[in-house]
*Asks:* 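Let me begin by handing over the structure; questions about it come next.
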Amino acid sequence: MYGFISPFRRGRRIGAVPSLVASLAASLVSCGEATSPEPDIEATERNLNVVLIVVDTLRADHLSIYGYGRRTSPHIDALAEDAILYERAISQAPWTTPSVGSLLTSLYPSTLGIRGIQSVLRDEHILLSEVLREKGYATGAVISHSFCSSRWNFDQGFDEFDESNVKGHLAVTSGDITERALRFIAEHENEPFFLWLHYFDPHVAFIDHPESSFGGAAEDTGRIESGQDHRTLRSMEADLSEVELTELRRLYDSEIAFTDQAIGAVLRNLRDRGLYDDTIVIFTADHGEEFLDHGRLGHAKTVYQELIHVPLIIRLPGVAPQRVEAPVALLDVYPSLLEYLGIPIPEGVEGSSLLPADLADLDEHRPVFSETMRAPDGSRQTVILGGEKLVVNRSADREEFYHLPSDPDEMEDRSELDVPRVRRLRAILDAWAQRNTGDAGSAPEIEISTEERRRLQALGYGE
């Protein structure tokens with residue numbers, strides 16, 4: 001049935017489930033008077049299904065629901081119209097393993113100890129899948145990237161873990177991801193289930209899809225062609241023309257729109273089976289992609305917004321659709337979901353709930369962090385506080401400061417102009433870094449074969 005069935009992880013008891021109604025009521029009272037309707041209690045008393053959709057390498061600013069000019073995402077847009085859309089969601093890392101690791105554990109990459117491409121999740125970290133399986137959920141995953149596969153220890157807590165679509169840079173996998181998702185839903189529609197879907201197609205190589213080509217290639221596309229791997233594109237990086245960049249972005253948008261169609265089929269199937277009203281749907285991405293925004297192609301090396309600003313859409317039965325402007329972190333999804341379901345949150349999680357009664361009251365001045373240890377000239381960490389952002393190169397002890405409302409593309413480094421603000425953010429960032437790296441250590445590492453490294457280099461890794 002599935003490519004890989006993970007062994008059960010036994011022996012962990014997360015705790016008894018309190019009254020869901022009481023939990024919701026307490027959270028609503030503690031956050032003040034609500035301006036949006038309370039969740040429908042009858043709906044939330046049921047055992048709700050959970051579908052988590054993660055699209056690899058998806059910039060928020062290339063989705064039409066986030067203001068992009070092309071209509072790349074009609075099905076995702078439709079989901080957002082029936083959900084909470086977070087305008088400023090931040091991934092905790094600009095590449096897959098630490099980002100998805102943070103999403104599924106509610107721990108920062110430095111706490112996880114993930115430093116490079118050979119780092120894997122530790123056994124002792126409690127994944128969201130483990131918590132939900134302990135509470136009686138059937139748990140399944142359909143993934144398409146080695147960096148969140150069983151070799152990297154992401155199968156923990158999953159009854160069914162399908163990694164048959166881990167096929168490399170030239171594979172087109174969205175259709176098969178959806179087909180296997182529909183099979184899982186059909187097999188488990190009479191019990192509560194947690195299904196994690198990981199779509200990979202927007203990752204390089206960018207492949208043109210005739211059904212979503214946005215008019216097709218221009219007469220002149222320079223050196224850019226459909227299906228070029230990362231090494232080929234990087235060889236052009238120093239002298240890409242505007243024509244070539246335009247074509248590269250069109251191919252990327254074609255991949256997004258193609259993936260959107262596959263996601264739409266999952267959402268339609270939930271409706272057709274009468275499951276949609278009893279299903280929490282969470283849509284997000286692990287990171288974005290650079291198109292020379294700051295001089296590079298690819299991802300993983302920097303923490304600028306093109307890489308860490310990701311979409312986040314959460315559809316909760318009984319909660320009114322709305323848009324939230326406050327910065328939030330992807331690791332907030334884990335505690336938010338458990339709070340909504342009335343399940344105790346494991347000790348030690350680093351995220352915060354995104355579900356106060358009035359979502360407009362989410363704290364604009366709560367710091368949000370992101371980091372990468374794969375920068376070529378030293379690890380980078382960033383803190384966003386309201387509209388201000390500090391980036392620190394730890395090895396060079398170099399700082400960059402941006403005012404995002406007036407400079408969303410981070411073109412004007414104001415670190416020498418706003419010294420008091422830089423000092424304030426640096427103190428916050430340093431305190432956070434000390435707290436998260438003090439006892440973390442490094443994650444376990446696996447050996448990567450020559451052939452595996454070659455395949456990863458085609459995707460932009462292993463440099």
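Computed from a prediction, not measured in an experiment: that's the story for all the values here. The residues of the chain are indexed from 1 along the displayed sequence.
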*Asks:* For Ser241, enumerate each residue passing the side chain to side chain donor-acceptor pair (under 3.5 Å) test, keeping only those at least two apart in sequence or located in another chain.
*Replies:*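 Checked Ser241 against side chain to side chain donor-acceptor pair (under 3.5 Å); matches are Glu244.
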
*Asks:* Check for a donor-acceptor pair, side chain of Tyr137 on one end and backbone N or O of Leu48 on the other, with a separation under 3.5 Å.
*Replies:*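 Judged by distance alone, yes, a pair lies under 3.5 Å.
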
*Asks:* Could I get the full list of side chain to side chain donor-acceptor pair (under 3.5 Å) partners for Ser235, not counting sequence neighbours?
*Replies:*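 Applying side chain to side chain donor-acceptor pair (under 3.5 Å) to Ser235 gives none.
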
*Asks:* Go through the steps to decide whether Leu251 and Ile224 satisfy the test side chain to side chain contact (heavy atoms under 4.5 Å, CB included), and finish with yes or no.
*Replies:* CA-CA 9 Å; Leu251 292 172; Ile224 300 300; 3.8 Å; yes

*Asks:* Quick test of your reading: applying salt bridge (charged side-chain N to carboxylate O under 4.0 Å, His left out), list the pairs with at least one residue in residues 66-81, sequence neighbours left out, ordered by first then second residue.
*Replies:*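 For residues 66-81, and leaving out neighbouring residues, the salt bridge (charged side-chain N to carboxylate O under 4.0 Å, His left out) pairs sorted by first residue read Arg70-Asp253.
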
*Asks:* Do Ser99 and Leu330 touch side chain to side chain, with heavy atoms closer than 4.5 Å?
*Replies:*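 Answer yes - side chains close enough.
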
*Asks:* Would you say the side-chain atoms of His188 and Glu160 include a donor-acceptor pair closer than 3.5 Å?
*Replies:*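 Per modelled atom types, His188 and Glu160 side chains form a pair under 3.5 Å.
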
*Asks:* Just verifying a value: how many Å separate Ile143 CD1 and Ser149 OG, rounded to the nearest 0.5 Å?
*Replies:*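 Atom-to-atom, Ile143:CD1 and Ser149:OG are 5.5 Å apart.
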
*Asks:* Could you check whether Glu306 pairs with Arg59 (Lys NZ or Arg NE/NH1/NH2 to Asp/Glu carboxylate O, under 4.0 Å)?
*Replies:*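 Salt bridge flag = no for Arg59 with Glu306.
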
*Asks:* Looking only at heavy atoms, what is the nearest atom pair of Thr72 and Asp260, with distance?
*Replies:*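 Of all heavy-atom pairs spanning Thr72 and Asp260, the closest is O-CB, 3.7 Å.
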
*Asks:* Answer yes or no: is there a side-chain heavy-atom contact under 4.5 Å between Ser174 and Glu255?
*Replies:*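 Not in contact.
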
*Asks:* Please determine if Asp413 and Arg398 form a salt bridge, counting it only when a charged side-chain N lies under 4.0 Å from a carboxylate O.
*Replies:*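 Looking at Asp413 and Arg398, the cut-off is not met.
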
*Asks:* Measuring from Phe283:CZ to Ile76:CD1, what's the distance to the nearest 0.5 Å?
*Replies:*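 Here the rounded value is 3.5 Å.
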
*Asks:* Before giving the answer on side chain to side chain contact (heavy atoms under 4.5 Å, CB included), spell out for Phe369 and Ile384 the whole-Å C-alpha distance, their side-chain angles and the decisive distance to 0.1 Å.
*Replies:* CA-CA 6 Å; Phe369 305 93; Ile384 296 173; over 6 Å; no

*Asks:* Taking only residues two or more places apart in sequence, or in another chain, which ones meet Asp82 in a salt bridge (charged side-chain N to carboxylate O under 4.0 Å, His left out)?
*Replies:*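 If we apply the salt bridge (charged side-chain N to carboxylate O under 4.0 Å, His left out) test to Asp82, skipping adjacent residues, the hits are Arg315.
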
*Asks:* Under a 4.0 Å N-O cut-off, is there an ion pair linking Glu237 with Arg234?
*Replies:*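 Result for this pair is yes, salt bridge flagged.
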
*Asks:* For Asp286 and Thr96, test the side chains for any donor-to-acceptor distance below 3.5 angstrom and give the result as yes or no.
*Replies:*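 Result is yes, a qualifying pair exists.
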
*Asks:* Using only atom types and a distance under 3.5 Å, with no angle test, would you say the side chain of Ser254 pairs donor to acceptor with the backbone of Ser212?
*Replies:*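 Present.
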
*Asks:* Donor-acceptor check, side chain of Glu350 to backbone of Gly348, threshold 3.5 angstrom: yes or no?
*Replies:*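 Not a single qualifying donor-acceptor pair exists.
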
*Asks:* Using the rule given for side chain to side chain contact (heavy atoms under 4.5 Å, CB included), can you reason through Val51 versus Phe194, listing the C-alpha separation, both sets of side-chain angles and the distance that settles it, and then say yes or no?
*Replies:* CA-CA 6 Å; Val51 176; Phe194 169 55; over 6 Å; no

*Asks:* Output the distance between atom NE2 (His299) and atom CH2 (Trp95), rounded to the nearest 0.5 Å.
*Replies:*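 Result: 9.5 Å between the selected atoms.
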
*Asks:* State whether a side-chain donor-acceptor pair under 3.5 Å links Glu400 with Tyr304.
*Replies:*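 A donor-acceptor contact under 3.5 Å links the two side chains.
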
*Asks:* Looking at Asp239 and Arg223, is any side-chain nitrogen of the basic one under 4.0 Å from a carboxylate oxygen of the acidic one?
*Replies:*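 Yes, charged N to carboxylate O under 4.0 Å.
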
*Asks:* Are Asp229 and Leu233 packed together at the side-chain level, in the sense that at least one heavy-atom pair is separated by less than 4.5 angstrom?
*Replies:*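 No, too far: nothing below the 4.5 Å cut-off.
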
*Asks:* Got Glu242 and Leu292 here, is their nearest side-chain heavy-atom distance under 4.5 Å?
*Replies:*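 Not touching, per the 4.5 Å side-chain cut-off.
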
*Asks:* Once rounded to the nearest 0.5 Å, what's the spacing between atom CZ of Phe158 and atom OG of Ser129?
*Replies:*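 So the CZ of Phe158 and the OG of Ser129 are separated by 4.0 Å.
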
*Asks:* Could you tell me whether a side-chain N or O of Asp277 sits under 3.5 Å from a main-chain N or O of Pro317, the two making a donor and an acceptor?
*Replies:*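 No: the side chain of Asp277 does not pair with the backbone of Pro317.
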
*Asks:* What distance do Leu338 atom CG and Leu132 atom CG have between them, rounded to the nearest 0.5 Å?
*Replies:*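 Answer rounded to 0.5 Å: 6.0 Å.
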
*Asks:* Can you confirm whether Leu404 sits close enough to Glu410 that some side-chain heavy atom of one is under 4.5 Å from a side-chain heavy atom of the other?
*Replies:*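 Yes, close enough: below the 4.5 Å cut-off.
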
*Asks:* Enter the distance from Ile282:CD1 to Trp196:CH2 here, rounded to the nearest 0.5 Å.
*Replies:*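 Ile282 atom CD1 to Trp196 atom CH2 measures 13.0 Å (nearest 0.5 Å).
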
*Asks:* Is it possible for you to check whether Arg250 lies under 6.0 Å from the centre of the six-membered ring of Phe214, through NZ or CZ, and within 45° of that ring's axis?
*Replies:*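 No.
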
*Asks:* Going by ring pair (Phe, Tyr, Trp, His ring centres under 6.0 Å), name the pairs with one or both residues in residues 231-272, residues two or more places apart or in two chains.
*Replies:*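 As it turns out, the ring pair (Phe, Tyr, Trp, His ring centres under 6.0 Å) pairs with a partner in residues 231-272, which skip direct neighbours, are His62-Tyr252, Phe206-Tyr252, His209-Phe258, Tyr252-Phe291.
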
*Asks:* What's the shortest heavy-atom distance between Glu191 and Asn49, and which atoms?
*Replies:*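 So the minimum-distance heavy-atom pair works out to O-OD1, 3.6 Å.
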
*Asks:* Taking Gly175's backbone N and O only, do any of them form a donor-acceptor pair with Thr178's side chain (distance below 3.5 Å, no angle check)?
*Replies:*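 Side chain of Thr178 to backbone of Gly175, a donor-acceptor pair under 3.5 Å: no, none is there.
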
*Asks:* Between Arg183 and Glu187, does at least one N-O distance fall below 4.0 Å, as a salt bridge requires?
*Replies:*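 Result for this pair is no, no salt bridge flagged.
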
*Asks:* Do the side chain of Ser73 and the main chain of Ser64 share a donor and acceptor less than 3.5 angstrom apart?
*Replies:*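 Yes.
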
*Asks:* Is there a side-chain contact between Glu371 and Pro109 (heavy atoms, below 4.5 Å)?
*Replies:*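 When only atoms from C-beta onward are counted, Pro109 and Glu371 do touch, with a gap below 4.5 Å.
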
*Asks:* Might you confirm whether atom CD of Glu325 has over 12 heavy atoms from other residues, nucleotides or ligands at distances under 6.0 Å?
*Replies:*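 Check fails, neighbour count at 12 or below.
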
*Asks:* For Thr372 and Thr302, indicate whether the former's side chain and the latter's backbone hold a donor-acceptor pair under 3.5 Å.
*Replies:*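 Looks like no, no N/O pair under 3.5 Å.
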
*Asks:* Just by distance, do the side chain of Ser144 and the backbone of His198 share a donor-acceptor pair under 3.5 Å?
*Replies:*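 Yes: the side chain of Ser144 pairs with the backbone of His198.
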
*Asks:* Checking side-chain contact (heavy atoms from CB on, under 4.5 Å) between Thr97 and each of Val120, Asn153, Ile114, which is the one that passes?
*Replies:*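 One option only clears the test, and that one is Ile114.
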
*Asks:* Within the 4.5 Å heavy-atom criterion, are His125 and Leu107 side-chain neighbours or not?
*Replies:*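 A side-chain contact under 4.5 Å exists here.
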
*Asks:* Could you go step by step and tell me if Met236 and Gln228 meet the side chain to side chain contact (heavy atoms under 4.5 Å, CB included) rule?
*Replies:* CA-CA 11 Å; Met236 309 176 196; Gln228 292 168 314; 3.5 Å; yes

*Asks:* Answer with yes or no whether the side chains of Thr382 and Ser370 bring together a donor and an acceptor at under 3.5 Å.
*Replies:*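 No, no side-chain donor-acceptor pair sits under 3.5 Å.
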
*Asks:* May I ask you to decide if Gly351's main-chain N or O and Ser106's side chain share a donor-acceptor pair within less than 3.5 Å?
*Replies:*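 Checking the backbone N and O of Gly351 against the side chain of Ser106, a donor-acceptor pair under 3.5 Å is found.
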
*Asks:* Do side-chain atoms of Trp152 reach the backbone of Ile117 as a donor and acceptor pair under 3.5 angstrom?
*Replies:*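 It does hold such a pair.
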
*Asks:* Are Pro346 and Tyr334 side-chain neighbours, meaning at least one heavy-atom pair lies under 4.5 Å?
*Replies:*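 In contact.
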
*Asks:* Looking at every non-hydrogen atom in both residues, tell me the closest pair between Asp332 and Ser352 and how far apart they are.
*Replies:*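 Heavy-atom minimum between the residues: OD1-N, 2.8 Å.
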
*Asks:* Per the salt bridge (charged side-chain N to carboxylate O under 4.0 Å, His left out) rule, what does the pair list look like for residues 210-219, sequence neighbours excluded?
*Replies:*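 Salt bridge (charged side-chain N to carboxylate O under 4.0 Å, His left out) check on residues 210-219 returns no pairs.
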
